[in-house]
Undergrad: 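Quick one: the structure is below, questions incoming.
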There are 2 protein chains.
Amino acid sequence: MSGRREEILDAALAIADERGLEAVSMRALAERVGVTPMALYRHVKDKAALLDGMVGRLLSALLPTDGADGGDGVLSGEEPTWDQRLDALAHACRAVTQRHPWAAHLLFSRPAVTPDAVRAVDIIYLALVEAGVPESEVPRLERLISTFVIGFAASEASGRFTPGALDPRGRRGQLPAGELPGHSRVGRWLDLPVDLTAEFEADLADIRRMVVGAAARGGE
Amino acid sequence: MSGRREEILDAALAIADERGLEAVSMRALAERVGVTPMALYRHVKDKAALLDGMVGRLLSALLPTDGADGGDGVLSGEEPTWDQRLDALAHACRAVTQRHPWAAHLLFSRPAVTPDAVRAVDIIYLALVEAGVPESEVPRLERLISTFVIGFAASEASGRFTPGALDPRGRRGQLPAGELPGHSRVGRWLDLPVDLTAEFEADLADIRRMVVGAAARGGE
DNA sequence: ACCTGAACACCGTTCAAGT
DNA sequence: ACCTGAACACCGTTCAAGT
C-alpha cells in the first residue's frame with residue numbers, strides 16, 4: 001500500500017548504487033523523485049528512517065522466496081538440510097552486499113527489527129535446532145553466525161580484506177620484518193591473491209563444524 | 001614529532017566520546033582546539049584522514065604494552081599461551097569499543113594498514129602458528145577471527161544485540177507466532193536478558209575449538 | 001611555516017502557507 | 001491529504017591573503 005513510499009525507497013537505492021551512500025541526500029532524492037525535499041517527509045519520518053527503509057527493502061530480497069530453492073540453487077525436489085539452509089542464507093547475504101556495497105554497514109547499525117529480518121533469524125533458529133544444538137545455546141549461536149556473516153560481507157565490501165589493492169606489497173611494507181615474526185612465519189602465503197569466494201566457503205565449513213560440535217556437546 | 005597532530009586527534013576523540021561521532025565536524029573540532037577550521041588542514045589532509053587518525057590513535061591503545069601483561073590481567077611471570085594472547089587481544093578490542101562505541105564502525109571501514117593494526121594482525125598470526133594451524137590456513141583464520149571479534153564489538157556498540165531495549169517483547173511482537181516456528185521452538189530462552197560478557201567468553205571458546213580443530217586436521 | 005576571512009556549494013529540518 | 005517556498009543552522013573545502 002502507498003506504492004509511493006516504495007517508489008521513494010527504490011529511488012534512494014538507485015542513487016546509492018550509482019553514486020554511493022553519501023550521495024543519498026534528501027535534496028538529491030527529492031530531485032530524482034521529481035518533488036520538493038519537504039514532500040519526502042510525508043512518506044519518511046527522517047533521514048534515519050529513510051536508511052532503515054532502504055535496508056528493509058534489501059532484506060526482503062535476502063529471504064528465500066516462498067516455495068522456491070532457498071536462494072542458492074538447491075532445487076526443491078528434496079527438502080534442504082539445515083546446513084544447506086544456513087549456507088543459502090549466508091550466500092544470499094553476501095550477494096546482497098556485493099550488489100550493494102554501501103549496505104553492508106547499515107546491516108550492523110540498524111537493528112534488525114523489520115519483519116523480514118525477524119524471519120531470517122527464525123530460519124537460523126530452526127536450522128540450529130534441527131542440527132541438534134541445545135535450545136539454550138541457539139540464540140547465542142545465531143548471534144555468532146550472523147555477526148560473522150554480516151562481518152565478512154562488510155569487510156569485503158569496505159575493502160578491509162584487500163588492503164593490498166592500494167599497495168601491492170600490502171601491509172608489512174611499513175614495518176621492519178624483525179618486528180613482525182608472525183608475518184615472517186606465514187611467509188609466502190601472504191603474497192597470494194585471496195579468493196574470497198573460496199575463503200567464504202571454507203569459513204562456512206568451519207562454522208558448520210562448530211555447530212555440529214555444539215550439538216555433540218549437548219547440554220554441557 | 002608535531003604533538004600538534006596528536007593534540008588535534010585527541011580533541012576529536014573527546015568530542016566523539018562526549019557527543020557522538022556525527023558531532024565531530026571540522027568546525028566543531030577547530031573551535032575546541034581554539035583555531036579556525038582551515039588551520040586544521042595543516043595537520044590533517046581531509047576529514048577522512050581525520051577519522052583514520054582517530055582509529056589509529058585508538059588502535060595503539062589496543063596493543064599489549066611492552067613487557068606488560070598482554071592486556072587482560074594475566075601477569076607475565078609465565079609466558080602467556082597462544083589462546084591467552086588471542087583472548088587478550090579480543091578483550092582489548094571489545095574494551096575499546098565499549099569505551100568508544102562510535103569507533104566500532106570505523107574499524108570495519110578504514111583498512112587496517114597502520115603500523116599498530118599490522119602488529120595486531122601479527123600477534124594473531126603467531127598465535128595461530130603456535131596453535132599448530134597449517135601456515136596456508138593462518139591468513140584465512142586471522143580474517144575469520146578478527147571479523148568476528150570486530151563484528152561482535154560493533155554489534156554490541158550499535159545495539160544490534162539488544163533490540164529489546166526499545167520494546168521489551170522484542171522482535172517477534174510484529175509477526176504471528178505461526179510464522180516463526182524457530183522462535184517458538186527456542187521459546188523461553190528468548191525472554192532472558194543477554195549477558196554479553198558471558199556470551200563473548202563462550203564465543204571465544206568456540207573459536208578456540210575451531211582453531212584447535214584446524215590444527216588437528218593439519219594440511220587437509 | 002602557520003593561521004585567517006570570506007566565499008562556494010552543499011546539508012537536514014521547521015514552519016507557515018498553499019491546493 | 002499532499003505539496004511548496006523561504007528560512008535556519010549547519011556542513012567540508014578552496015583560495016587569496018596575512019604574519
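All values reported here derive from a predicted model rather than from experimental measurement. Chain letters run A, B, ... following the sequence lines, proteins first, then strands; residues in each count from 1. Computation of the quantities below employed the complete heavy-atom set of this structure, encompassing side-chain atoms and omitting hydrogens, waters and symmetry-equivalent molecules.
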Undergrad: Report yes if the side chains of B:R160 and A:S146 come closer than 4.5 Å at any heavy-atom pair, otherwise no.
TA: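 The answer is yes; the side chains approach within 4.5 Å.
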
Undergrad: Would you call the rings of B:F148 and B:F200 parallel, tilted or perpendicular, where under 30° means parallel and over 60° means perpendicular?
TA: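 It falls in the parallel class, under 30°.
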
Undergrad: Which is the 5'-most and which the 3'-most nucleotide of DNA chain C that has an atom under 4.0 Å from a heavy atom of chain A?
TA: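 Listing 5' to 3', DNA chain C meets chain A from C:dC11 to C:dT14.
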
Undergrad: Does the side chain of B:L106 reach to within under 4.5 Å of the side chain of B:L21, using non-hydrogen atoms?
TA: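 Result yes, sub-4.5 Å side-chain heavy-atom pair found.
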
Undergrad: 5'-most contact on DNA chain C: A:R42 or A:A23, nearest heavy atom basis?
TA: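 On the 5' side of the pair lies A:A23.
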
Undergrad: Just so I know, are the side chains of B:T197 and B:R94 near enough to count as touching, which here means a heavy-atom distance under 4.5 Å?
TA: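 Yes, at least one pair of side-chain atoms sits under 4.5 Å.
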
Undergrad: Does the side chain of A:D203 come within less than 4.5 Å of B:T147's, by heavy atoms?
TA: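 The answer is no, as the side chains (C-beta and beyond) never meet within the 4.5 Å cut-off.
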
Undergrad: Parallel, tilted or perpendicular: which one describes the rings of A:H105 and B:F108, with boundaries at 30° and 60°?
TA: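 A:H105 and B:F108: perpendicular rings.
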
Undergrad: Would you measure the distance from the C1' atom in D:dA7 across to the matching atom in C:dC11 and give it in whole Å?
TA: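 Between the two C1' atoms, the distance is 14 Å.
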
Undergrad: How about B:L13 and B:D10: do any of their side-chain heavy atoms sit closer than 4.5 Å?
TA: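 When only atoms from C-beta onward are counted, B:D10 and B:L13 do touch, with a gap below 4.5 Å.
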
Undergrad: Using Watson-Crick pairs (N1 to N3, plus N6-O4 or O6-N4) and G-U wobble pairs, both distances under 3.5 Å, which stems of at least 3 pairs involve DNA chain D?
TA: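 DNA chain D stems, ordered by first number: C:4-8 with D:12-16, C:12-16 with D:4-8.
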
Undergrad: With side chains defined as the heavy atoms from C-beta onward, is the minimum distance between B:R4 and B:V33 less than 4.5 Å?
TA: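 Side-chain contact under 4.5 Å: yes.
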
Undergrad: Which part of the nucleic acid does A:S25 contact within heavy-atom distance under 4.0 Å: base, sugar-phosphate only, or nothing?
TA: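 Sugar-phosphate: the residue A:S25, judged by heavy atoms under 4.0 Å, touches backbone atoms but no base.
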
Undergrad: Look at the side chain of B:T97 and the backbone N and O of B:A104, then say whether any donor-acceptor pair between them is shorter than 3.5 Å.
TA: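 Looks like no, no N/O pair under 3.5 Å.
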
Undergrad: Could you tell me if the side chain of A:V194 sits less than 4.5 Å from the side chain of A:F161, heavy atoms only?
TA: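 No - every pair of side-chain heavy atoms lies 4.5 Å or more apart.
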
Undergrad: Near DNA chain D, counting only heavy atoms under 4.0 Å, which residues of residues 26-33 of chain B show up?
TA: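 Contacting residues: B:M26, B:R27.
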
